[in-house]
Number of protein chains: 2
Amino acid sequence: MSFPPRYRTARSRSRGEANGAESRARAVRAAIELFAASGFQGTSIAQVAERAGLSQSGLLHHFPSKAALLAAVLEERDARDGEFLTSADGGRPLGWAAFDALAALTARNSTRPHLVGLFVRLTAEATAPDHPAHDWALDHYAGVHAWLVDAVRAGRERGEMHPGTPPETLARSTIAVMDGLQQQWLLEPERVSMVTEFSGHVAMLRARWGTAERAVVSPGSST
Amino acid sequence: MSFPPRYRTARSRSRGEANGAESRARAVRAAIELFAASGFQGTSIAQVAERAGLSQSGLLHHFPSKAALLAAVLEERDARDGEFLTSADGGRPLGWAAFDALAALTARNSTRPHLVGLFVRLTAEATAPDHPAHDWALDHYAGVHAWLVDAVRAGRERGEMHPGTPPETLARSTIAVMDGLQQQWLLEPERVSMVTEFSGHVAMLRARWGTAERAVVSPGSST
DNA sequence: GTCTATAAGGGGATAGAC
DNA sequence: GTCTATCCCCTTATAGAC
């Protein structure tokens, strides 16, 4: 049992000691930024250490290997945007509300290039079965896909969506649009607006699968 | 001036000599496969050399640097699927025909995981401004985007598509769907059918933006 | 908890023989 | 056109001092 918040004292600081948890957190933040910019394979732990203000071995004290550092990074990432897809009360948005939640997530993402870069690069690398983030990628997609499929089923039952709406296909392609837009936006941030394009996509889905209960945009209208 | 097709003779073979063009081509093929599986950063030129049946220096005789090898790989890739988006007579498909051409390309791609892996990994890496394939990625997206925008404009003028159809947004999101599906398919080839999902997407676009001149799928129908 | 030192190997690229 | 030998730097990881 240790007393939770240990702050640095003048004495400990002069001896080069720091709060371990603090150093660890700095390292994770540094790793997110560097993995985001150059990928996991394209980043060395020495670079991460330098940005975190640690020596390479100092860093490896907190994470036994580079893969362990990656695991910590992924955990942090999921924590940061998993909260976004569940409301404060733990309930999940259903029907069109789920698509609106994704649009909101896209809007937030467009202010966080770090996290987007991390995601785009990592999912591409992690396609390889032997990549340390491979299982994470599988879990991630399984989770989002199931979440969205459930939301569409609920939307159908509530009468927000046509009975013929295909949940799997809708989920799959919507996730694909998000990922593809992130990729294009990273490449040319000034030319591509993730928010506009994704909102357009959702509007189109509403026009195709929405029922009269909710706004159906007719061809030729703006927005 | 050299006499174009130089074949290996028993004598040259015994001296360890081979047709240069042949070795070069083997190297490019090997590089495509390895870059596809592990990315550019994740592949060493020694690995490429081994697969091509050359020593590392033998490989570097044909390509002065690893980046030069990458350039050759990208050139080869573009040659292989650029032909697909222009008809035999050099004309380009317009209106819905362009989307059908993309669907056909998707079908072909699903038999060529090598090229898909190459594309997905490389475009993700190449998002970084200092990546050797960055300019290629910019050109690639600019080209496909312009191609599709033109096709949609033509479709509107022909009356195949509603006058309110937004060319840029439609192009952007369709490309995003393709890229995103490729990514998901690479991760789980057995669970994801690029062809089915992309065709579904195109069918939805027809339902939303198509005019009576062409089939409009009504909600609830299959396919 | 953090450091220096070092091991042990891989990376891209060059020189020069054949 | 291809090879062997070599250079030099960067990589991950460990040992042990403080």
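In this text, all values refer to a predicted model and were calculated from it rather than measured experimentally. Order of the sequence lines sets the chain letters (A, B, ...), proteins ahead of strands, with each chain counted from 1.
Relative to the side chain of B:K66, the nucleotides D:dT12, D:dT4, C:dA13 differ in distance, and C:dA13 lies closest. With D:dA13, D:dG1, D:dC3 as the candidates, the nucleotide lying closest to the side chain of B:L54 is D:dC3. Minimum atom distance to the side chain of A:S44 is reached by D:dT12, of the listed D:dA13, D:dT12, C:dA13. Distance from the side chain of B:S57 is smallest for D:dT4 among the nucleotides C:dT2, D:dT14, D:dT4. Closest to the A:Q56 side chain, of the nucleotides D:dT12, C:dG12, D:dT14, is D:dT12. For A:S55, taking side-chain heavy atoms from C-beta onward, the closest of the listed nucleotides C:dC3, C:dG12, D:dA13 is C:dC3.
Whole-Å rounding puts the A:L60 CG to C:dT4 C1' distance at 14 Å. In this entry the distance linking CD of B:Q47 with C1' of C:dG12 reads 13 Å, nearest Å. Rounded to an integer number of Å, the gap from B:E50 CD to D:dT2 P is 17 Å. Per the geometry, CD belonging to A:Q41 stands 14 Å off C1' belonging to C:dG11, to the nearest Å. In this structure, the CZ atom of B:F63 is 15 Å from the P atom of C:dG12, given to the nearest Å. B:H62 has its NE2 atom 16 Å from the P atom of C:dA13, to the nearest Å. The distance from atom CZ of A:R24 to atom P of C:dT2 is 12 Å, rounded to the nearest whole Å. As rounded to whole Å, 10 Å separates atom P of D:dT14 from atom CD1 of A:I45.
Under the side-chain hydrogen bond (donor to acceptor under 3.5 Å, both in side chains) criterion, A:H131 pairs with A:E125, sequence neighbours left out.
Within the 4.0 Å cut-off from OP1 or OP2 of C:dT14, not a single side-chain nitrogen or oxygen of B:H61 is found. Contact annotation: A:S65 does not reach the phosphate of D:dT12 (side-chain N/O to OP1 or OP2, under 4.0 Å).
Taking the side chain as every heavy atom from C-beta outward, B:W136 and B:D78 approach each other to under 4.5 Å.
Side-chain contact annotation: B:W185 with B:N109, donor-acceptor N/O pair under 3.5 Å absent. Using modelled atom types, one finds no donor on one side chain facing an acceptor on the other under 3.5 Å when comparing B:S173 with A:E197.
Taking the ring centroids of B:F99 and B:H201, they lie at or beyond the 6.0 Å cut-off.
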